[in-house]
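Below is one structure, written out as structure tokens; the observations come after it.
This is a predicted model, so every value here is computed, not measured.
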Amino acid sequence: MKLNRVTVTSPQKKAYDLDARDFFWAKNAANPFPQVAEDIDTELNRYKQDAAEVTRSTGERRQRHHAAVRLCCFLPL
């Protein structure tokens, strides 16, 4: 980390700027590493839950759409 910029090189190089607007940086900048590690785990689990919820709700909409399309195909005009 240099000048509040973190560069990750794997799998491809990408830089992230950290400042007071970054909620994780603001919350953990002064914390000891073990606490930051716990917060990383907490935030990662929260992210995974949110992603699963989005995937589940998107999948449900797709299933309803496909069911409606199948139903429309069999209805008489």
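- The side-chain heavy atoms of Asp22 and Tyr16, taken from C-beta on, include no pair separated by under 4.5 Å.
- Closest approach of Trp25 and Asn4 over heavy atoms only: CZ2-OD1, 3.8 Å.
- In this structure, CD on Glu43 lies 4.5 Å from CZ on Arg46, to the nearest 0.5 angstrom.
- In this structure, Ile40 CD1 and Phe33 CZ are separated by 6.0 Å, a value rounded to the nearest 0.5 Å.
- Distance check: Asp50 CG to Glu53 CD gives 8.0 Å after rounding to the nearest 0.5 Å.
- Between Leu44 atom CG and Asp39 atom CG the span is 12.0 Å, to the nearest 0.5 Å.
- Interatomic distance, CD of Gln35 versus OG1 of Thr42, reported as 10.0 Å (0.5 Å rounding).
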